[in-house]
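Reviewing the structure listed below.
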There are 2 protein chains.
Amino acid sequence: MQRDVQEFMKRLKARRQRLTTQRKKIVDKIFSTHGHFSADDILHELRKDGYRASRATVYRTLALLTECNLLETIDIEKGYKLYEHVLGHRHHDHFICTKCGRIVEFSNDALEDLQNEISRRMDFRPISHSLKIYGVCSKCQQER
Amino acid sequence: MQRDVQEFMKRLKARRQRLTTQRKKIVDKIFSTHGHFSADDILHELRKDGYRASRATVYRTLALLTECNLLETIDIEKGYKLYEHVLGHRHHDHFICTKCGRIVEFSNDALEDLQNEISRRMDFRPISHSLKIYGVCSKCQQER
DNA sequence: TTACATGCAAACTATTTGCATAAGC
DNA sequence: GCTTATGCAAATAGTTTGCATGTAA
């Protein structure tokens with residue numbers, strides 16, 4: 001989406017950094033990818049389009065986007081990270097199916113409130129959180 | 001604690017595996033360590049006691065204990081894993097202080113219930129979950 | 001005695017980094 | 001033109017693995 005690239009440019013400028021060809025290609029690809037993706041996914045998607053960016057540049061761009069708060073990482077505890085866009089998405093948590101690996105997003109205000117309440121009670125100032133529920137998704141439940 | 005070692009032996013037997021000197025030393029050390037620890041912590045603690053187990057054996061034993069449901073991992077998203085005992089501890093979640101790295105445990109029934117409720121509503125059968133709240137602990141709040 | 005465990009070193013995997021070269025602004 | 005970014009290959013870091021040797025049952 002054009003809007004995301006514009007937002008990226010704006011944030012790059014604020015940091016005195018450059019919009020290179022590689023960054024543009026990578027950002028375009030990322031924001032046209034829905035759902036969750038790994039660094040490797042992006043690399044392969046780019047190659048499918050006949051474009052080749054180095055692995056290092058992909059990682060560096062993902063880090064940059066994360067610092068710019070355009071991207072967030074999800075640690076699925078599998079030895080590599082997944083990313084998802086943040087722009088225009090509200091905070092949510094994740095179900096992770098242990099059978100098929102499917103990741104389903106959910107969000108719940110009461111849950112957020114409760115976490116804040118617990119934090120306050122323990123005199124802890126919350127900044128962010130990560131909740132992952134592991135289990136079996138509806139599809140996989142039916143399959144057995 | 002003796003009881004933990006006994007439980008370990010029982011579970012080893014059930015899997016037709018052996019209680020070696022190394023495993024005994026490692027398990028003793030683990031269950032006399034309170035709080036959270038890394039593979040490296042265990043290795044160093046053992047060396048302090050003048051005992052040397054290979055790094056590979058420590059990792060293999062940690063994996064074994066995890067499979068036996070005597071240990072659980074906490075992924076602190078720092079490139080290495082922490083472990084904690086499970087035996088005799090009820091499930092809990094973690095605050096992680098982003099200033100000092102301190103990890104504080106908490107548990108809350110309403111939170112558990114709510115998560116189960118949300119799972120049920122989404123037709124997802126929950127097995128386990130991981131909630132980490134990142135923020136600033138009370139000590140670090142006072143320091144600035 | 002024999003199947004399983006250990007120790008070592010090498011392998012792995014995702015990610016990061018140093019450095020010479022290229023290219024935005 | 002100056003400074004920042006890229007690409008490559010090598011480095012990292014935690015963890016895992018192959019294999020010869022040791023050992024619990």
Side-chain angles (χ1 to χ4, degrees), chain A residues 5-6 8-30 36-47 50-68 71-83 101, chain B residues 5-6 8-30 36-47 50-68 71-83 101:
Chain A
V5 178
Q6 277 176 14
F8 179 51
M9 285 175 67
K10 201 173 106 190
R11 298 193 191 183
L12 276 184
K13 243 179 207 162
R15 310 165 116 250
R16 296 217 189 88
Q17 286 177 309
R18 289 165 189 174
L19 185 65
T20 60
T21 315
Q22 288 88 336
R23 285 184 180 165
K24 194 160 180 329
K25 288 269 186 192
I26 295 169
V27 171
D28 274 345
K29 184 51 75 184
I30 284 175
H36 313 101
F37 53 89
S38 65
D40 229 54
D41 290 338
I42 294 300
L43 206 56
H44 283 101
E45 286 297 314
L46 286 175
R47 286 191 187 168
Y51 186 76
R52 206 189 168 292
S54 76
R55 189 172 289 277
T57 297
V58 169
Y59 275 109
R60 282 189 278 232
T61 304
L62 288 172
L64 183 58
L65 286 162
T66 307
E67 282 167 37
C68 289
L71 226 50
E72 240 171 47
T73 61
I74 317 168
D75 197 315
I76 48 164
E77 300 177 24
K78 288 217 168 183
Y80 58 89
K81 285 177 200 152
L82 291 187
Y83 296 81
Chain B
V5 179
Q6 278 175 14
F8 180 50
M9 285 173 65
K10 201 173 105 191
R11 298 193 191 185
L12 276 184
K13 242 178 210 164
R15 309 165 116 250
R16 295 215 189 90
Q17 286 178 308
R18 288 164 189 177
L19 186 64
T20 60
T21 316
Q22 290 87 335
R23 285 183 180 167
K24 195 162 180 327
K25 289 270 185 192
I26 294 169
V27 171
D28 274 346
K29 184 51 75 183
I30 283 175
H36 313 101
F37 53 87
S38 65
D40 229 55
D41 290 339
I42 294 300
L43 205 58
H44 282 101
E45 286 296 314
L46 287 174
R47 288 192 186 166
Y51 185 77
R52 205 188 169 292
S54 76
R55 189 174 289 276
T57 297
V58 170
Y59 275 107
R60 282 189 276 232
T61 304
L62 289 173
L64 183 58
L65 287 162
T66 306
E67 283 168 38
C68 289
L71 224 51
E72 238 171 50
T73 60
I74 318 168
D75 197 315
I76 49 164
E77 299 177 25
K78 287 215 169 186
Y80 57 90
K81 285 177 199 152
L82 291 186
Y83 295 82

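Each chain gets a letter, A, B and so on, in the order its sequence line appears, and its residues count up from 1.
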*Which nucleotide in dA14(C), dT6(D), dA5(C) has an atom nearest any side-chain atom of Y80(A)*: dA14(C)
*Between dT15(D), dT15(C), dG7(D), which nucleotide gets closest to the side-chain atoms of A39(A)?*
dT15(C)
_Over all strands shown, is R52(A) touching base, sugar-phosphate only, or nothing at heavy-atom distances under 4.0 angstrom?_
sugar-phosphate
_Side-chain-base donor-acceptor pair under 3.5 Å for R60(A) and dT16(C)_ = no
*asked:* Please give me the minimum heavy-atom distance between R18(B) and R23(B), naming the atom from each residue.
replied: O-NH1, 2.7 Å
*What are the two closest non-hydrogen atoms of A53(B) and L46(B), and how far apart are they?*
CB-CD1, 4.1 Å
_Nearest-neighbour nucleotide for the T57(A) side chain, dA24(D), dG14(D), dT6(D) considered_ = dT6(D)
_Value in whole Å for how far the C1' atom of dT6(C) lies from CG of L43(B)_ = 14 Å
_Distance check needed: dA5(C) C1' versus Q17(B) CD, whole Å only._
9 Å
_Interatomic distance, L82(A) CG vs dA14(C) C1' [rounded to whole Å]_ = 13 Å
*Nearest heavy atoms of D41(A) and H36(A), plus distance in Å*: OD2-O, 4.4 Å
*Please evaluate the base of dA3(C) for a donor-acceptor partner in the side chain of R18(B) within a cut-off of under 3.5 Å?*
yes
*Please report, rounded to the nearest Å, how far the C1' atom of dA13(D) is from the NZ atom of K81(B).*
13 Å
*Nearest-Å distance, CG (L62(B)) to P (dT15(D))?*
9 Å
_R15(B) CZ to dA25(D) P, straight-line distance once rounded to whole Å_ = 16 Å
*NA contact type, R55(A), heavy-atom cut-off 4.0 Å: base, sugar-phosphate, or nothing?*
base
_Residue whose nearest DNA chain D nucleotide is more 5′ - K78(B) or A53(A)_ = A53(A)
*Specify the closest pair of heavy atoms between S38(A) and Y80(A), including all atoms of both residues, with the distance to one decimal.*
CB-CD1, 4.3 Å
*Take atom NZ of K25(B) as the centre, draw a 6.0 Å sphere, and report whether it contains more than 12 heavy atoms from other residues, nucleotides or ligands.*
no
*Do any side-chain nitrogens or oxygens of Q22(A) fall under 4.0 Å of OP1 or OP2 in dG7(D)?*
yes
*To the nearest Å, give me how far apart CG (L46(A)) and P (dG7(D)) are.*
11 Å
*Nucleotide dC4(C), atom P - distance to CG of L19(B) in whole Å*: 16 Å
*Out of dC8(D), dG24(C), dT16(D), which nucleotide sits closest to the side chain of T21(A)?*
dG24(C)
*For Y59(B), answer base if it contacts any base atom (sugar-phosphate contacts may also be present), sugar-phosphate if it contacts only those atoms, and nothing otherwise; contact means non-hydrogen atoms under 4.0 Å.*
base
